[in-house]
Each structure stands twice: as structure tokens, then as C-alpha cells.
Amino acid sequence: MARYRIAVIPGDGIGPEVMEACLHVLGALEEAYGGLSLEFIELEAGDRVKAEKGVALPEETLRGIKSADAALFAAAGETAGEVIIPIRRRLDLYANVRPAKAYPGVPGAREGVDLIIVRENTEGLYVGVEGRGPDWGVSMRVTTLKASERIAHYAFQLAEKLGRRKVTAVHKANVLRATCGLFLEACRRVAEDYPGIEYEEMLVDACALKLASKPEDFDILLTPNLFGDILSDEAAALIGGLGMAPSGNIGDRYAVFEPVHGSAPDIAGRGIANPMAMILSASMMLRWLGEVEAADALERTVSRYLRRGPLTPDLGGAAGTMDVALGIARLIREAF
Ligand code: NAI
Ligand code: MG
């Protein structure tokens, strides 16, 4: 039997609520499916631990992630930038993979949307090199050939692995000549190594428009850091909202899977957060661990559940977070 140690970081706000739901579903999968053994180690990060210990990301948490086979992170609040950005950079999780798939039956989801945003996760405008005076501010945007080629290879290899047909490089090279220019050169060069995959380029503003008007035309979007962040929230709107959008932060050694959403303070503590994004992130984790069958089974079950409900309020229903988890767990038990 395959055994895995999974680092679990519930964090703040709705984080612990969606994590509890996710772990309940994983527990049911482990029991029903048989071939899987998961050991969870809980770690702290976010606003709460900062208030207690003075740091939002304790070294112990980083060590815990490194000692595990993979990690699940729910959400941090105001300290999100002090948690997830250092995790990405210090563990070199250079690929941020954000699939946007419209499941049938989800209110607000646009039929036919099935795209994946592959976002460069370590540089760009997120390097944190900034200056500030009383009446001016500067943020440095850094692009390197190494990081650009690495993320481009990741996108094309993902396309090959998943049988996808097209990679769209998203840029603003007409204005940001130095940084986006270099990014685009890297993408073009790498594209030549993958003649079987169609390659196109699109300005980020045109891409934002097309994402709203003809999203079914997209397959894999390859983006610098900030553009991928923005476009993935837009993509979430096409599939029923942030409660439906999972993601993975993936490197060559480590990976941390998390919903795209944050701590949602406006609904925290009420038990009504949609746990789907967290559960689908766990399914991405299983796939990354090589547990493709278990990941497929989980996604099929989520898809079946979404067609019948009951769903949480963000999807027009009246169910609670744990109602959804219990419902999915029940379907898992029925399926095996
Ligand atoms: P948010 O994603 O927390 O919430 C945006 C809106 O979507 C809210 O109306 C919220 O209720 C709704 N929403 C989000 N997830 C949902 C779910 N699972 N089910 C139902 N509704 C959901 O983003 P916002 O409001 O911009 O930020 C809130 C806090 O989260 C901030 O403190 C921010 O720093 C943090 N944040 C953390 C992130 C992370 O941990 N990676 C990412 C984004 C924001
Ligand atoms: Mg974001």
C-alpha cells in the first residue's frame, strides 16, 4: 500500500473549515479505496500564529512541509503575503498550476470551459524589491531567462502529459519590453522543442477580454506571475466562483496545494464556505503523488455530487461546508 505523510496547514478564516471538510473526504477515500494510506501532520501559519509567536510562517512549518511528501494549505488572512510567497520562493515551487474546469450542474459555470493557467511563481513583480517615498513608489519587476524557460517547459510538458493541444503565452511585451520581452523570447524558444503542441501569443489585455467572451478557446495559458494571479480569479468566475478553483504550487522536490481563494473573513465562522476548491486541490495533490486512480475517483465523485447537490450558498444552495463533505464521502463509499 502506498503511504504518504501530508503536511496540513489550515490557516485562518474559512481555512480550518474547508480543511476539515477536505480531510473528512480524504479519510473516506482512504477507507473505501484501500490502496492508499495518508498520515496528516498539522502545521501552523497565518494571522493567528503571527499574533501568538510574532511570525506568520514559523521555521518549524517550513521544516514540516519539507519533511512531508506533499502539503495542503487552506488560506491565510492579512499575512497571506508573509506565508505563501516565502513558501513558494524558499521551496522553489516555480509552477503555479490553476485549472479552471466548468463542472456540469454548477450554477454560473460556463459550459465548455476547461483551461489551465500555468503561472510563473517565483519572480516578476512578486520579488518584493520596492521603494517608497512620501509621494512616490517603485516596485521592481524581475524576469530571468532561467525561470522563464523553466515555466515554459513545465507548461508544454503538462500539455503533453494531459493530451492538451495548445499553449498560449500571455504577455505585455509591447510596453514591458525588457521583462515581458525576455519572457516571450524564452517561450518561443521552448515552444520549438514541442512541435506537437500548438503555440500562440496574446497580449494580457486581449486575453482578459477573450477569457470573458470566448473562454472555451483556451487550453493552457502560460503567464508571468502577476498576470496569472489576476487571470486566474477571472477564470474562477467562469466556473462558479472562487469556491470552485483549486491550485498547486509545484517544484521539482516539493509541492503545496491550495485553493485559489483567501480566508474569506466575510463568511468565516458560519460553516457555509464552499469546500470544493480545497477538495479539488487535494485531488491535484494525489495526482502529483502519482495516485492517478484515486485522483480520478475523487474528481468523478465531486462531479457527480455537483450535479445533485445540495450546494453551498455561493452556488445558490443552502448547504453547509460539512454537509457537502458528508455528501461526497457518502458517494465515495457507494462507488467502491
Ligand atoms: P477571498 O478569496 O478570501 O474572498 C473573496 C470573496 O469570495 C469573498 O466574498 C468570499 O466570501 C468569497 N469566497 C472565497 N472563497 C470562498 C469559498 N470557499 N466559499 C464561498 N465563498 C468564498 O479574497 P479577499 O476577500 O480578497 O481576501 C480575504 C483575505 O484573504 C485577505 O486577508 C487576504 O490577504 C487573504 N488571501 C489569502 C490568500 C491565500 O492564503 N493564498 C489568497 C487571497 C487572499
Ligand atoms: Mg490571487
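Positions are given from 1, in the same order as the sequence printed here. Just follow the structure's listing: the first ligand is 1, and inside any ligand the first atom is 1.
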Which one holds for [X] and ligand 1: side chain close, backbone close, both close, or neither close, with close meaning a heavy atom under 4.0 Å?
X	answer
Pro265	side chain
Asp266	side chain
Met276	neither

Kindly confirm or rule out a cation-pi arrangement of Arg141 over Phe183, judged by NZ or CZ under 6.0 Å from the six-membered ring centre and within 45° of its axis? no
Using a 4.0 Å cut-off to any heavy atom of [X], which atoms of ligand 1 qualify?
X	answer
Glu78	31 (C), 32 (O)
Ala75	40 (O)
Ala273	19 (N)
Phe73	40 (O)
Glu258	41 (N)
Gly243	17 (C), 18 (N)
Ile14	15 (N), 16 (C), 17 (C), 18 (N)

Got an N/O contact under 3.5 Å between [X] and ligand 1?
X	answer
Ala74	no
Ala80	no
Ala76	yes
Gly262	yes

Parallel, tilted or perpendicular: rings of Tyr154 and Tyr94 (30°, 60°):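 Because their plane-to-plane angle is over 60°, the rings of Tyr94 and Tyr154 count as perpendicular.
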When Leu29, Asp296, Leu26, Leu298 are each screened for side-chain contact (heavy atoms from CB on, under 4.5 Å) with Ser283, the one that passes is Leu298
From the list Asp92, Thr122, Asp252, Thr144, side chain to side chain donor-acceptor pair (under 3.5 Å) partner of Arg150 resolves to Asp92
Among [options], which residue places a heavy atom closest to [atom]?
atom	options	answer
atom 6 (C) of ligand 1	Asn249, Leu242, Asp314, Thr79	Leu242
atom 18 (N) of ligand 1	Ile87, Leu315, Asn274	Asn274
atom 4 (O) of ligand 1	Ala268, Ala264, Gly240, Gly13	Ala264

Electrostatic pair [X]:[Y] at N-O distance under 4.0 angstrom:
X	Y	result
Lys146	Glu123	no
Asp69	Arg3	no
Lys101	Glu299	no

task: Determine whether Ile116 and Leu158 make a side-chain contact, defined as any pair of heavy atoms from C-beta on separated by less than 4.5 Å.
output: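 Yes - at least one pair of side-chain heavy atoms lies under 4.5 Å apart.
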Of all heavy-atom pairs linking Val113 and Ala100, the shortest is CG1-O, 3.6 Å
Taking every heavy atom of Ala273 against every heavy atom of Thr312, the minimum-distance pair comes out as O-CG2, 3.7 Å
Just to check, does Ala277 reach to within less than 4.0 Å of ligand 1 when the distance is taken from its heavy atoms? no
Measure centre to centre between the rings of His153 and Tyr194, then say whether the value is under 6.0 Å.
-> yes
